[in-house]
Amino acid sequence: MEVLYEDNHIIIVNKAPGEIVQGDKTGDATLGDSVKQYIKEKYAKPGAVFLGVVHRLDRPVSGAVIFARTSKALARMSEMFRKGEVRKTYHAIVPRRDIPEETTVTLEHWLTRNERQNKAYAHNREINGSKRALLDFRALTSSDRYTLLEIHLHTGRHHQIRCQLAAEGMPIKGDLKYGAPRSNPDGSISLHARSVAFTHPVSRLPILVKAPYPDGLWQKIQP
């Protein structure tokens, strides 16, 4: 576990692909459990350690995850996420596309969700039960086979980045669920929560934290 930032109110860690942020039906150990143990040992805390889950990343995704260390921080950070006051930047590796660098592309779809499949579907117009999904992306660099995109979300829908990019013929590398031709060796998908920026919920100071890339192709294609 890599700690990127911590104080008395929040802690931000770099999630590895394959880790789960919060418990699910698998019963596997969670990133939250690891953070609690880290806090307990570092600060010699007796009894239970409070840790609030502010937001989540899909299991095969890597990158910056924010946890709250106090109930006050949890309430305030949750409200900031709800209002869109936390700026999250994602990077994704997709099949090579000739997109002029520094050109921002906006994608708008209407997404529906299949709970049984745990999958989202993109539509070009609003249909019954759909929710509007909006994101911007730009190309950072390309190799012979892949392009590295930087993505900013304007809405927070289930599997939004994965679904919208796939709908435009750019499935994220390793993402079999959304049309990638093959999996990554470690079961990850090449989507990384690169940075988070927000106003601290207690001190009101600006916070900007960047999460280093995982090993592998990320190290070769980075700008």
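Predicted model only: the values in this text are computed from it and were never measured. The first residue in the sequence is number 1, and the count goes up from there.
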K119 side chain vs K177 backbone, donor-acceptor pair below 3.5 Å
yes

H123-S130 side chain donor-acceptor pair, cut-off 3.5 Å:
no

Side-chain donor-acceptor pair under 3.5 Å between E168 and Q164, yes or no?
no

Does any donor atom in the side chain of T106 or D136 lie under 3.5 Å from an acceptor atom in the other side chain?
yes

Could you tell me whether the side chain of I93 reaches within less than 4.5 Å of the side chain of L191, counting heavy atoms only?
no

Is there a donor-acceptor contact under 3.5 Å from the side chain of H159 to the main chain of R162?
no

What do the steps show when you test D28 against R59 for salt bridge (charged side-chain N to carboxylate O under 4.0 Å, His left out), and what is the final call?
CA-CA 11 Å; D28 292 345; R59 186 165 191 165; 2.7 Å; yes

Modelled atom types, side-chain donor and acceptor of Q222 and H91, under 3.5 Å
no

Give a yes-or-no answer on whether the side chains of Y90 and Q160 include a donor-acceptor pair shorter than 3.5 Å.
no

Can you find a pair of side-chain heavy atoms, one from F198 and one from M80, that are under 4.5 Å apart?
yes

N/O donor-acceptor pair under 3.5 Å between Q22 side chain and V53 backbone:
no

Salt bridge (charged side-chain N to carboxylate O under 4.0 Å, His left out) assessment of E6 paired with K42
CA-CA 12 Å; E6 65 177 303; K42 180 173 181 178; 2.8 Å; yes

Do the charged groups of E79 and R76 touch, with an N to O distance under 4.0 Å?
no

Should the pair R97 and Y146 be classed as cation-pi, given the thresholds of under 6.0 Å to the six-membered ring centre and 45° from the axis?
no

Does any N or O in the side chain of N124 come within less than 3.5 Å of the main-chain N or O of H109, such that one atom is a donor and the other an acceptor?
no

Could you check whether N8 and T70, counting side-chain N and O atoms only, form a donor-acceptor pair closer than 3.5 Å?
no

